[in-house]
Amino acid sequence: MHALVGENGAGKSTLMKILYGMQKPDEGTIAVDGEQVTFHDPGDAIARGIGMVHQHFMLADNLTVLENVVLGSEKLHGIGDRARAKILEISDAYGLGVRPDVLVEALGVADRQRVEILKVLYRGARTLILDEPTAVLVPQEVDALFDNLRGLKAEGLTVIFISHKLGEVLSVADEITVIRRGTTVGSADPASTSTKQLAELMVGSELPSPETRESTVTTVPMLRVEGLRLMAPDADGVDRTVLDDIGFTIHKGEVLGLAGVEGNGQAELVEAIIGMRDPDAGVITLDGADISHAPTRTRRESGIGYIPEDRHRHGLLLEAPLWENRILGHVTEKPNSRGALLDPAAARRDTERIVEAYDVRTPGIEVTAASLSGGNQQKLIVGREMSHHPKLLIAAHPTRGVDVGAQAQIWDQIREARREGLAVLLISADLDELIGLSDTLRVMYRGRLVADADPATITPEELGSAMTGASAGHLTHAGGESARLSGGLSGGLSGGEDR
Amino acid sequence: MKKFAKIDKERLLLGIAAPVLAVVAAFVVTSLVLLATGKEPFQAFQIMASYGLKSDSQVYILNKATTYYLAGLAVAIGFRMNLFNIGVDGQYRLAAFFAAVVGGMVNLPGILEIPLIVIVSMLVGAMWAGIAGLLKVTRGVSEVIATIMLNSIATAIIAYLLQPGMLANLNSNTNSVQTTLLPKSGWFFTLTPNPAAGPIEGFIVVALLAGVGYWFVLSRTRFGFDLRTVGQSESAAEASGVNVKRMIVTSMLISGAVAGLVGMPALLNEAHQYSTEFPTGIGFTGIAVALLGRNHPVGIAIGALLWGFLDRTSNWLEFNGYDKEIVGVIQGVIVLSVVIAYEVVRRYGVGRQQRRVGEQLAAAARAQGQQQEVAA
C-alpha cells in the first residue's frame, strides 16, 4: 500500500490522472509490472489492471448495486445471475459486505464507496488508485475502509492512496511518497516517521494548528435562529423536510461550529440564513432585527459575510477580473459604488489593498479569477468579506482546497475578527479545524441539531459517532469510551442561550 | 503597473482576433464557393468594395446600419444576461405597428408627437418581451421557445389588424394596405451633407445615444453590474444578493423596449406608415450583428455597418452577373465563423492567462528562493 501525500495543488490529482490515462504526460515513462506502458485513455489503464476510485462517486442513484457494477462491462459476466455471483464472490473475498440488489440511493456514503471499490475490482483491477477516499467519511468509517484496504493488500493487490491527512497515511501505508509543487520531494517510511516530520516535508515548513487560545465569547446575541423549518423537493419532486426545528444562538465573539456528514442539511441551513432559501417556519434574528424573510441583499448589507462552500458556484465570477470579483456581493456598499453608480477606480484601489493585505498571489488585479489557484481565490473571498466588517460570518468549509500556508492565514483572520466581536457560523468537514476554532459545537444529522459538545474536551472520534447518528444529546468526553447520551434529547439543543 | 498594461493589451488583441478571424474565414469560404460556381472571386470582392465605397452607398449603409445597430443592442442586452431573445423580430414589428396606429390617430406638435410614437413603440416592445420573461420565471418556459412563439403570434396579430376596416386602410392606387400616414410633425429630421448621396436618417443620433446608454448602464452602474453578474453566473448572482428572477424580467423588458426602437427609422424616417411592405426579419439580423460585435457597443456598430455594406453590395453583384445569394452565403459563414472563432479565441485566452499567471508566480517564487539562498 503506497500513499501519495502533498498539499492541495501539489500535483497529486494530476499524477493520478496520468496514471489512469485521463491526461497525457509531456515527458517520462510509466511502467506496470516492469513493462513500460503508455495510456491513451482510461480504457488502456483498465486493460492493464489499473482501477480508480474517484473522490466524487460516479454511481447512478436510481439503479441497484448490481446494475451499477455491470454498467459498461456487461460483456464480462453478463447482467444476470452470473454477475451477481461474481459480485458476491468479490465482496466475500475482501469482506466488502456489498448487497447487490439494493438501490444505490438507499446506501450511505461508506457503502457507496465500497460499491465503487467493488466496481473497480469487478473489472479485474490489480492496482487500485483511491483519490482522497477518506474526505467524505467519519472516523469510524475510515477505520472500516482501512480494514478493507488491508484485506485487499493481503490478497496481493496494490493500493495507491492519495491523501493530505497525515495521521491516516501513517497508520495505513507501507510506503509514502511526498510531492510538493509538482515534484517528488522525498519518501518516508511510516514506521519511523512522525506526523510532524511528514508535514514539514510536505509543506516545507511547520504545520499550523487551528487551536484557539482564549475565549472571547460575550453574552450579546448576534444571530438567533428559532424553530427553523425548511421543505425542499427531492429528486422525485416530493417535498421533504430538509431542516427541522433548528434553534441556536451565536453571540458576539463566538464561533459556533456545526459538525455533520455532508448532505445532512448544513448547506440548506446556510442558504436559509443568507436568504437564498425561504424558510417555511421559524425566525432568524440578526442583531435584534428579524431577517427571516428579508432578501439576500438586505442581509448582506446588514452585516452578514459569506464564505461559500462552493466558491466557484457562489463566491466568484470566474471569467471576470479580480476587481469585479471584489465588488461581487457588495455592489451597494462603499468603496464599490456611490449611489447607483459603480466606482471602478475605488474598487480597483481596494482590490490592490486586499491582494496586499491577504497575500493573494497574483500578477495583478486585471487577471480573471479563474487564473488564480484555489487557495488564492479563497484568500480573495475572505479578504472581500472581512473588508466590510461583518457582524456575522458564515464560513462554510473556509479552508477546503486551500494549502497549508493559506489555511493558517484564514484561521488567523477568523480568530482576529472574533476578538473584535464577530460572530461566526463555522461549517467544516475537517473535524480538527472545527474543534480547534469553535467555542461551541453542534452536530447536525438529517436536518436536525441532534447533539452539542464542548470543543475543549471532545475528540474527533466522539464527534464522528454523533455525526452518524449513533449518539445524541450533550456529548461528554468519556475517556476512551465512545460518546454517551446524557440529558434529554432537546435539553442539549437549546443550550446556546444559557451560557 | 507595466505588467497589467501588457495583459490588457493582450486582451484587446484577443478581443479583436475573433471577429477578424471570422471575417477572413468567411471570405476564404466564399471564395471557394465562387470558384466552385465557376466565377472569379477576387473580382467580385473588388466590385463590392468599389461600389460599397461610393458616397450614395455610404449613406445607404449608414441608414441600414442604424436599424441593425438598434436590433443588435436589443439582442445584446439579452445575451449579457444569458438570455436568447429571438423575439426581437416580433417585438419590433408589433411595436412599430401600434406606434404607427397611435401616431396616425393624433396630430400633435413634433415635440410631443415623436416622443409619443417612440414611447408607445418601446412600451409595446417591452410588454411583448416581458411576456417571455414572466413565463420564464413563473413557469420555467425557455425564453427561446416563448419568443419564437411570440414572433408567430405577433405576425398573426398584425395580419389580423392590418386590414381595411380594422386599423388600416386600403390604398386604391397601389392596392396595398397600410395604416394612416403620420402627420408631418411625426416625421423625424434628416441630415443631408451631400445632396447627391441622399439624406442620412436622423434616427442615427438616437441609435448612437442608445449605444452610449448601453455602455454606461452596463459598465458604470450597479444595475449593470448585477445584470452582468447574472449573465456570468446565476448561482453567484443569487448568493451575492441579486434577485435573479426580477432581473430576468427587467432585462427582457429593457431588451423589448430597445427592440421597440428598431422599427422607428423605417416608420419615422422612411415610410411614415405601417404597411405590408414594412421591413421584416431585422430581429434575426440583430442576432448576427450582436454575435459579430461580441455584445460590445462599438463591436455591434462595426457589425451593423458590415451588414449594411453586404446588403448594399448584393444587388450590385447581381447586376454584374454574380448570384446575389452569394452575399447570403457570406453572411451565414460570418455568423458561423464568429461563433466558432469566439470560442476558440476565448479558450486560448483563458488557458494562456492561466499559464502566464502560473509562470509569473513561479518566477517570483524562484527569485525569492534564490535571495534566501544568497542570504544563507
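In what follows, chains are A, B, ... by sequence order, proteins preceding strands, each numbered from 1.
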* Contact check, side chains of B:Glu238 and A:His314, non-hydrogen atoms, under 4.5 Å -> no

* Structure fact -> Filtered by a 4.5 Å non-hydrogen cutoff, the part of residues 289-300 of chain A contacting chain B is A:Thr296, A:Arg297, A:Arg300

* Is chain B contacted by the side chain of A:Glu324, its backbone, both, or neither, given a heavy-atom distance below 4.5 Å? -> both

* **Given B:Asp226, B:Thr229, B:Thr221, the one that forms side chain to side chain contact (heavy atoms under 4.5 Å, CB included) with A:Val331** => B:Asp226

* Asked: Can you find a pair of side-chain heavy atoms, one from A:Leu341 and one from B:Phe216, that are under 4.5 Å apart?
  -> yes

* For atom CE of A:Met231, is the number of surrounding heavy atoms from other residues, nucleotides or ligands below 6.0 Å larger than 12? -> yes

* To do: Please state whether the side chain, the backbone, both or neither of B:Val217 comes within less than 4.5 Å of a heavy atom of chain A.
  => neither

* Near A:Lys391 NZ, under 6.0 Å, is it more than 12 heavy atoms from other residues, nucleotides or ligands? -> yes

* To do: Tell me, for A:Pro344 versus chain B, whether the close heavy atoms (under 4.5 Å) come from the side chain, the backbone, both or neither.
  => side chain

* Contacting region of A:Ser337 [heavy-atom separation from chain B under 4.5 Å] -> side chain

* **Side chain proximity check, A:His330 to B:Ser240, heavy atoms < 4.5 angstrom** => no

* Can you tell which of A:Ala340, A:Gly275, A:Ala320 has the highest number of heavy-atom pairs within less than 4.5 Å of chain B? -> A:Ala340

* Asked: Do any N or O atoms from the side chain of B:Arg222 and from the backbone of A:Gly339 form a donor-acceptor pair under 3.5 angstrom?
  -> yes

* To do: Please say whether more than 12 non-hydrogen atoms of neighbouring residues, nucleotides or ligands are located less than 6.0 Å from CZ in A:Arg338.
  => no

* Picking from A:Leu316, A:Leu328, A:Leu317, what satisfies side chain to side chain contact (heavy atoms under 4.5 Å, CB included) with B:Ser233? -> A:Leu317

* Structure fact -> One option among A:Ile327, A:Asp343, A:Ile274 has the most heavy-atom pairs under 4.5 Å with chain B, and it is A:Ile327

